[in-house]
Amino acid sequence: MCSDSPWPITRAYGGHYFSPKQALSIDALRATVPSDVIERKAALAALICAASQCAAAPGHTAQPFQPTKGAAKFLFEAWRRDVWGHVEIALTEICSKHARTVGRAEVSDAQSVAERLTSADLAFIDPPYSGVHYSRFYHVLETIAQGTCGEVSGVGRYPDPSKRPKSDFSLQTKSKAALDKLLATLSERRVRTIVTFPKEETSNGLSGPIVQGVAESYFDVTEKVVNGRFSTLGGNLENRKARIPAYEVILVLSP
């Protein structure tokens with residue numbers, strides 16, 4: 001039924017990440033977001049948030065739960081979540097908050113942004129820590145944001161490879177060089193910087209000590225280690241639990 005639907009979310013993800021009813025609800029809400037610019041942004045943000053909370057997937061939308069003996073209970077629990085209720089809660093929370101100063105969000109390459117910064121800026125860097133490109137994990141939410149979807153395939157219902165951005169930070173052979181280039185640029189431009197990264201070695205070849213070593217080539221570094229929980233993004237060299245206890249290194253970099 002879903003594969004024959006004219007609606008993009010239902011056709012691509014219904015019966016997978018969402019139940020047929022959930023998918024139709026998301027399509028209906030996406031097709032009727034308000035026309036007013038500010039209201040539209042708030043409504044779309046709430047819908048994306050609700051879809052993330054209702055998706056039948058372990059943390060990220062890399063692939064949905066399957067109807068197997070072990071995973072079926074998680075699949076059907078997610079499929080029973082009320083999309084409309086989650087949207088209402090998200091919208092209420094989003095609309096109760098506002099910035100005191102108008103800001104700006106930009107989609108861009110980190111290196112090109114760094115080249116425009118000055119000593120008056122503060123850069124907060126949270127680089128990828130997975131050997132798998134992050135576009136694999138967010139394609140469902142990207143579709144909802146855009147409101148359209150092309151052909152999808154595979155267990156994860158992935159788009160065409162040309163529509164899945166790649167990053168040097170997720171390649172073991174290039175991740176350290178990419179970080180070195182970025183920090184060198186920020187140092188040259190005397191930008192105060194904060195970097196966060198898991199302490200242990202990650203699947204893209206970096207670790208907290210490695211990141212700190214690169215940073216110390218360009219900055220005076222103050223280190224703080226905090227305890228938290230990380231998504232494994234499908235694997236962390238040891239196990240495949242969705243989230244695990246982990247230590248995070250926070251580095252404050254002074255020119």
Side-chain angles (χ1 to χ4, degrees), residues 1-33 42-95 130 132-161 163-164 203 228-246:
M1 183 190 76
C2 292
S3 63
D4 292 334
S5 172
W7 300 100
I9 306 301
T10 304
R11 184 181 69 253
Y13 311 123
H16 296 275
Y17 292 99
F18 306 107
S19 72
K21 181 179 179 180
Q22 286 177 320
L24 286 167
S25 297
I26 295 171
D27 270 320
L29 287 161
R30 183 62 181 84
T32 55
V33 291
L44 187 53
L47 180 57
I48 293 169
C49 181
S52 176
Q53 294 168 344
C54 292
H60 295 79
T61 55
Q63 60 182 35
F65 291 122
Q66 298 298 305
T68 61
K69 185 175 181 180
K73 63 179 181 179
F74 301 107
L75 173 67
F76 294 120
E77 187 278 327
W79 278 13
R80 285 192 291 267
R81 294 172 189 165
D82 178 16
V83 169
W84 300 87
H86 279 275
V87 169
E88 183 176 11
I89 292 171
L91 187 62
T92 300
E93 182 176 351
I94 289 168
C95 290
S130 171
V132 180
H133 296 288
Y134 279 50
S135 54
R136 175 186 175 191
F137 304 105
Y138 297 103
H139 59 290
V140 175
L141 303 184
E142 288 278 0
T143 296
I144 296 172
Q146 295 172 359
T148 60
C149 184
E151 294 299 316
V152 298
S153 62
V155 175
R157 311 295 288 165
Y158 302 123
D160 185 83
K163 298 181 180 180
R164 296 168 60 180
S203 58
R229 291 179 64 81
F230 281 85
S231 168
T232 63
L233 296 175
N236 63 334
L237 303 181
E238 295 180 1
N239 58 56
R240 295 186 66 84
K241 293 181 179 179
R243 292 187 179 274
I244 60 170

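Along the sequence shown, the residues carry numbers beginning at 1.
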### Query
C95 and A42: which non-hydrogen atoms are nearest, and at how many Å?
SG-CB, 4.2 Å
### Task
Output all residues satisfying side chain to side chain contact (heavy atoms under 4.5 Å, CB included) with E151, sequence neighbours left out; order by chain, then residue number.
none
### Summary
Residue set satisfying salt bridge (Lys or Arg N to Asp or Glu O under 4.0 Å) with E88, at least two apart, ordered chain then number -> none
### Query
Taking atom OG of S19 and atom CZ of R80, what is their separation to the nearest 0.5 Å?
10.5 Å
### Query
Does some side-chain heavy atom of T61 sit less than 4.5 Å from a side-chain heavy atom of Y13?
no
### Query
Looking only at heavy atoms, what is the nearest atom pair of Y158 and A62, with distance?
OH-O, 2.5 Å
### Heavy-atom neighbours of Q53 CD exceed 12 at 6.0 Å
yes
Please set out all donor-acceptor pairs under 3.5 angstrom arising from side-chain atoms of residues 66-73, sequence neighbours excluded.
unit_1: Q66; atom_1: NE2; unit_2: P64; atom_2: O; d: 3.1
unit_1: T68; atom_1: OG1; unit_2: A71; atom_2: N; d: 3.2

### Query
Say you draw a straight line from OG of S135 to CD of E142; how long is it, rounded to the nearest 0.5 Å?
9.0 Å
### Task
Would you give the length of the straight line joining atom CZ of R11 to atom OG of S3, rounded to the nearest 0.5 angstrom?
10.0 Å
#### Entry: Nearest atoms (heavy-atom pairs only) where H16 meets A12
CD2-O, 4.2 Å
### Message
So, taking the atom named CD1 in I144 and the one named CD1 in I9, what distance separates them when rounded to the nearest 0.5 Å?
### Response
4.5 Å
### Task
For residues V87 and A46, report the shortest heavy-atom separation together with the two atoms involved.
O-CB, 3.9 Å
### Task
Give a yes or no on whether the backbone of T143 and the side-chain of R30 come within a donor-acceptor separation of less than 3.5 Å.
no
### Residues forming a ring pair (Phe, Tyr, Trp, His ring centres under 6.0 Å) with W79, sequence neighbours excluded
F76
## Note on the structure
Those residues at least two apart in sequence (or on a different chain) that pass salt bridge (Lys or Arg N to Asp or Glu O under 4.0 Å) with R164 are none
### Query
Does any non-hydrogen side-chain atom of R136 lie less than 4.5 Å from one of H139?
no
### Partners meeting side chain to side chain contact (heavy atoms under 4.5 Å, CB included) with I89 (sequence neighbours left out)
none
### Query
Atom CG of D4 and atom OG1 of T10: how far apart are they, to the nearest 0.5 Å?
12.0 Å
### Message
Looking at every heavy atom in both I48 and A145, which two are closest together, and how far apart are they?
### Response
CD1-CB, 3.9 Å
### Message
If you compare all heavy atoms of F65 against all heavy atoms of L75, which two are closest, and at what distance to 0.1 Å?
### Response
O-CD1, 3.6 Å
### Query
Do the non-hydrogen side-chain atoms of S203 and V132 ever get within less than 4.5 Å of each other?
no
### Distance in Å, C54 SG paired with W84 CH2, rounded so as to fall on 0.5 Å steps
12.0 Å
